[in-house]
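Structure first, commentary second.
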Protein chains: 4
Amino acid sequence: MSETGRTEAFSDGVLAIAITLLVLDLRVPVRDALEGSLADALGHEWPSYAAYVTSFLLIGIIWVNHHAVFELLGAIDRVALFLNLLLLMTVAAIPFATSLFAEYLTAGGSAARTAALVYSGLFLAMSLAFTLLYRYVAGRPALLAAGVDPVALRRSVVRFSTVGLVLYALTMVIAVFSAQATLAAHFVIALYYCFRQTGSRPRAAS
Amino acid sequence: MSETGRTEAFSDGVLAIAITLLVLDLRVPVRDALEGSLADALGHEWPSYAAYVTSFLLIGIIWVNHHAVFELLGAIDRVALFLNLLLLMTVAAIPFATSLFAEYLTAGGSAARTAALVYSGLFLAMSLAFTLLYRYVAGRPALLAAGVDPVALRRSVVRFSTVGLVLYALTMVIAVFSAQATLAAHFVIALYYCFRQTGSRPRAAS
Amino acid sequence: MSETGRTEAFSDGVLAIAITLLVLDLRVPVRDALEGSLADALGHEWPSYAAYVTSFLLIGIIWVNHHAVFELLGAIDRVALFLNLLLLMTVAAIPFATSLFAEYLTAGGSAARTAALVYSGLFLAMSLAFTLLYRYVAGRPALLAAGVDPVALRRSVVRFSTVGLVLYALTMVIAVFSAQATLAAHFVIALYYCFRQTGSRPRAAS
Amino acid sequence: MSETGRTEAFSDGVLAIAITLLVLDLRVPVRDALEGSLADALGHEWPSYAAYVTSFLLIGIIWVNHHAVFELLGAIDRVALFLNLLLLMTVAAIPFATSLFAEYLTAGGSAARTAALVYSGLFLAMSLAFTLLYRYVAGRPALLAAGVDPVALRRSVVRFSTVGLVLYALTMVIAVFSAQATLAAHFVIALYYCFRQTGSRPRAAS
């Protein structure tokens, strides 16, 4: 397998594991400790389900975007490898931040604010690592695959990076005021990314 | 790797992780808290083993069917990517629903009913996501691999979707009456899918 | 990817996850509950380390043998797919049996015996599933890769199956008498498989 | 897939899972047991975050180096397969040692020393397994890919092995005196490996 192919496969592995580990945040109410009905106990866990869906979509989107970046690469160097590792380090921590956010979403006060800030802050850090990786490879024509236009690429990097950084920075502002609005904002960001490019032509398999 | 190839590899990763995480639902009785013999304590956990086997087979079948759908694809677009993500989101939650079902299978009353409804409901949602994905790609000749007959495909989609949706909807009806019959019904569905196509010719490797 | 290639990749995924999940059986002594030195507390956990090493080697060997079987295949059918799924179902349960065995290895009496029987029984079941899969494909020339000699293969299946089944059945007999001797026997089996074929020629990459 | 290709893919799977399981060491403070602010409780967990970052980088580096070794191979034999399995066995245990180290980093006294020695000792064992694998394949021209110069390779093995073994042995000495200095030393080793070869030319894809 090529250098870029193996890096992509390793990254895919980490992304697939991180997205699937989100299920560990969905807790089964202990039978002997159950008060009231199970339906009520499960309903009480709604923040976990909302956080699961939101984080699942967001990691899915990271996977799609990560793939789009690696499609541009014809080679990879040490710096890009470690910027990619930095990105994976933030993604692998998402199940933790998701669990924390779900636990304190309805706690109110400073605890809910702290959890919301950690969740938003992690996505901001992820977006920053992604921007660093993307900018780095876009500025090194030797790393690009044949036929990739460096000028158009650089313009796309600026647009992509700015949107991500601004959106996640905005959620940090929202986090100061309301944890639940913060989760809703992340969900809206997920939907935005899901539907943004649906008009694009199908890419050929090869 | 091609777009469809990488999506398939990522999906395979999520399916392989979800199927293996089922083992976390098998609990080891704590030694210091053991009353009576270990054999009795393990025997008491039979719902966990029954649920493990059933969910393992069902996720295995999802993997086989998922592969069959992707074999038809020559390309993929954003909508298909996110319908696939929706499908994976339901599959990744199966270890949670399995654990919940095992915990309350013998609880009787409304708790057992709730757990059975959640389990059946998740498989119905999975079946629905699968149907949406399958119908979507079947209706877009641009996404199909060379040599796939769109008309025959559309007929196959209708049959496949109807069977899955009806079977899982039926388990929801059963869930209203008996949790244990619901698990048995899922097991029968798994066997049905396992043996249904065993008469088919071996597919050539290439 | 070919049908056999994708089945192999999915199986590899399950095997890699099962082998890595063994680490979850290694428990960190809780700091606030620590009595005496940490070194003593860790030393007290020696059954976990012994079981980890043994199960890790055994799953590693299953992976090597699984690969050897799939190298013979040129195609796969539904029956082989589901025999393979059955095999994976037993392998994915190994972290549970390992954890159970480690917890009760030094418990003595019937609890230790039960845990040893479960551990040995699971490996016997794995060996049985492997035998079923191997015999099935060996008896179907249509599934074999070009150049594979069915007669020599059938002889190899008999030898391979008999050795595995007899060895694991023997550990069940040992389990009746001593849990610790059972673990030692499994470790010896692992070493036997590791060194058995080391004289063989390197297989060329291609 | 070739013999070396499949071994590499399996190893990548184990490495990707081990690196992602590190997230399970990041614990969410239980809401009902929270005393003081959540920010304080999270801040109190700083050893977990420091250990997460350090172990994540170190496993990432193991992955890069593992890949570099496998790039030299044209074939693989049983001995190399099991030396590789030994290496994976040490890597898969890193999440356990990381969790142990984080739990006792600030405990002081002999407990902190024990945890630091276990952490350093595991990395030393990993380095030893890596050295054994690397030396073994370097001494067998039949296993090397076409164009690999055995003499230059042998010189590189000596340098690589000595650096790794000496560095990790040094951390064991540091562990006798200070757990926190031990973690810092591991972090410095990670940075050393990250930046050491950044001047190297990009390797071509394909």
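The model shown is predicted, which means the values in this text are computed figures rather than measured ones. Residue numbers start from 1 in every chain, and the chains themselves are labelled A, B, ... in the order their sequence lines are given, proteins ahead of strands.
Contact of the Leu85(D) side chain with the Trp63(C) side chain is not registered, since no non-hydrogen atoms from C-beta on lie closer than 4.5 Å. Counting heavy atoms from C-beta on, the side chains of His67(C) and Thr7(D) never come closer than 4.5 Å. Using a 4.5 Å heavy-atom threshold, the side chains of Tyr49(C) and Phe96(D) count as touching. Pro29(C) is listed as a side-chain neighbour of Leu100(D), based on a closest heavy-atom distance under 4.5 Å. Between Met89(D) and Tyr52(C) the shortest side-chain heavy-atom distance falls below 4.5 Å.
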- Run the side chain to side chain donor-acceptor pair (under 3.5 Å) check on Thr106(D) and Arg31(C) step by step: do they pass? CA-CA 10 Å; Thr106(D) 57; Arg31(C) 185 165 153 185; 2.9 Å; yes
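Interface remark: Val118(D) contributes side-chain atoms only to the contact with chain C (heavy atom separation under 4.5 Å). For chain D, the nearby part of Leu42(C) is the side chain; its heavy atoms alone come within less than 4.5 Å. When heavy atoms are compared at a cutoff of 4.5 Å, Leu21(D) approaches chain C solely by way of its side chain, counted from C-beta outward. For chain C, no part of Thr98(D) is nearby; none of its heavy atoms comes within less than 4.5 Å. No part of Ala80(D) comes within reach of chain C, as not one of its non-hydrogen atoms sits under 4.5 angstrom from that chain. Proximity to chain D (any heavy atom under 4.5 Å) is shown, for Leu22(C), by neither the backbone nor the side chain. Of the two parts of Leu24(D), only the side chain, counted from C-beta on, holds a non-hydrogen atom closer than 4.5 Å to a non-hydrogen atom of chain C.
Nearest heavy-atom pair across Phe82(D) and Val64(C) is CZ-CG2, 4.2 Å. Minimum heavy-atom separation, Val28(C) to Ser99(D): CG2-OG, 3.5 Å. The nearest pair of heavy atoms linking Ala92(D) to Thr20(C) is CB-CG2, 4.3 Å.
Of the listed residues (Ala93(D), Ser11(D), Gly13(D)), the one with the most heavy-atom contacts under 4.5 Å to chain C is Ala93(D).
Separation of atoms CZ (Arg6(D)) and NE2 (His66(C)) is listed at 6.5 Å; rounding is to 0.5 Å.
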